[in-house]
There are 2 protein chains.
Amino acid sequence: MTFDSNTPMDEINWRLLELLQTDARMPFSELGRKVGLSAPAVAERVHRLEEAGVITGYRAQVDPSRLGYSLEAFIRLTCRGNSLERMTRAVSELPQVQEFWNLTGEDGYVLRVILRSVKELDALLKQLQIFGSTTTSLVLSKPVEFRVISAGPETSPPL
Amino acid sequence: MTFDSNTPMDEINWRLLELLQTDARMPFSELGRKVGLSAPAVAERVHRLEEAGVITGYRAQVDPSRLGYSLEAFIRLTCRGNSLERMTRAVSELPQVQEFWNLTGEDGYVLRVILRSVKELDALLKQLQIFGSTTTSLVLSKPVEFRVISAGPETSPPL
DNA sequence: GGTGAAACAACGCACAT
DNA sequence: ATGTGCGTTGTTTCACC
């Protein structure tokens, strides 16, 4: 089963998820209007989705470039040595690291970082080379920055 | 200037951003209590941050694995041909694509996708090979899934 | 899930600084 | 220009059906 038995993902729950992914601050009363339920009923459903771990949080999305973080980059870390746990902990603590994935294949570890300057990138790469060799790719643009997760078709539509 | 002249990023605005990145549904009144301002004053500041493009939205964060999307992957697309605009538009429409970056260097185009099955991955890769060759890396784990953007030190702390 | 009542929050406005 | 106080409107939360 892909979801808790207490939270069947019916049409209404999918719709609530879509609405909250689009505007997390929408009041329960307005959610209720859009799905045809009373506000308390919506609150109950949303709280169940939270408790079931389907909704993991509500986040204001912020534009780093408006806050002085002019660079965004991916750094692939090809790790040498066998201190992977130490590396993982250390990299996770770096304030520039927004996301950090462990992947299959050659890439292994990938960081998404935001930086105020090339100087800061230089300093970061020097810190990282303790753990292995790095490959840096700057983000030029984001054709898709975010997509709402929805029920979706079981089969993908043709191009 | 990295921000609008109407929205100086003082300590209070940074604190509001941190609070809203942690819990986007926090009421203005509670935000006010935490930063030592009245609710209307907070609402004013938050609305300015929205209008200045610092806050770009409020999103419920959802766990794809609890909704049947058991696979998450990065797909690097090494594009042949010169129909980059057509490719970008087509890839952007694919429902499995959660994020899509255009990067410097060899990697060029990178997709983060969520999938219900390996079968769906197979179908997606077949669709993508029209545009070039792909390299797929499955996400094994996410040591850092998200980090609050904060004022941060100008210089990064040592490891 | 719905309903009603009490507590709380959001919004607009006048006014103080 | 930014924050406060207050009154009105709308929302949340709890009981209970």
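Naming convention: chains lettered A, B, ... in sequence-line order (proteins, then strands); numbering from 1 in each chain.
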In whole Å, I'd like the distance from the [atom1] atom of [X] to the [atom2] atom of [N].
| X | N | atom1 | atom2 | answer |
| --- | --- | --- | --- | --- |
| B:E30 | C:dA10 | CD | C1' | 15 Å |
| B:K34 | C:dA9 | NZ | C1' | 16 Å |
| B:D10 | D:dT2 | CG | P | 10 Å |
| B:E44 | D:dA1 | CD | P | 11 Å |
| B:L16 | D:dT2 | CG | P | 14 Å |
| B:I12 | D:dA1 | CD1 | P | 19 Å |
| A:M26 | D:dG10 | CE | P | 17 Å |

Residue [X], side-chain heavy atoms: nucleotide from [options] that is nearest:
| X | options | result |
| --- | --- | --- |
| A:F28 | D:dT4, C:dG2, D:dT12 | D:dT12 |
| B:R48 | D:dT2, D:dG3, C:dA10 | D:dT2 |
| B:L37 | C:dG2, D:dT11, D:dT4 | D:dT4 |
| A:P40 | D:dT11, D:dC14, C:dG2 | D:dC14 |

Under 4.0 Å from OP1 or OP2 of [N]: is there any side-chain N or O of [X] that close?
| X | N | value |
| --- | --- | --- |
| B:S29 | C:dA10 | yes |
| B:R45 | D:dG3 | yes |
| B:R33 | C:dA9 | yes |

Before accepting this row, confirm whether a basic side-chain N of the pair [X]/[Y] lies closer than 4.0 Å to the acidic partner's carboxylate O.
| X | Y | result |
| --- | --- | --- |
| B:K142 | B:E145 | yes |
| A:E85 | A:R89 | no |
| A:D10 | A:R45 | yes |

Are A:E50 and A:Y58 close enough that a side-chain donor and a side-chain acceptor fall under 3.5 Å?
yes

If you pin A:R25 and A:A41 to their nearest nucleotides in DNA chain C, which one's is more 5'?
A:A41

Side-chain (B:S70) to main-chain (B:R116) donor-acceptor, under 3.5 angstrom:
yes

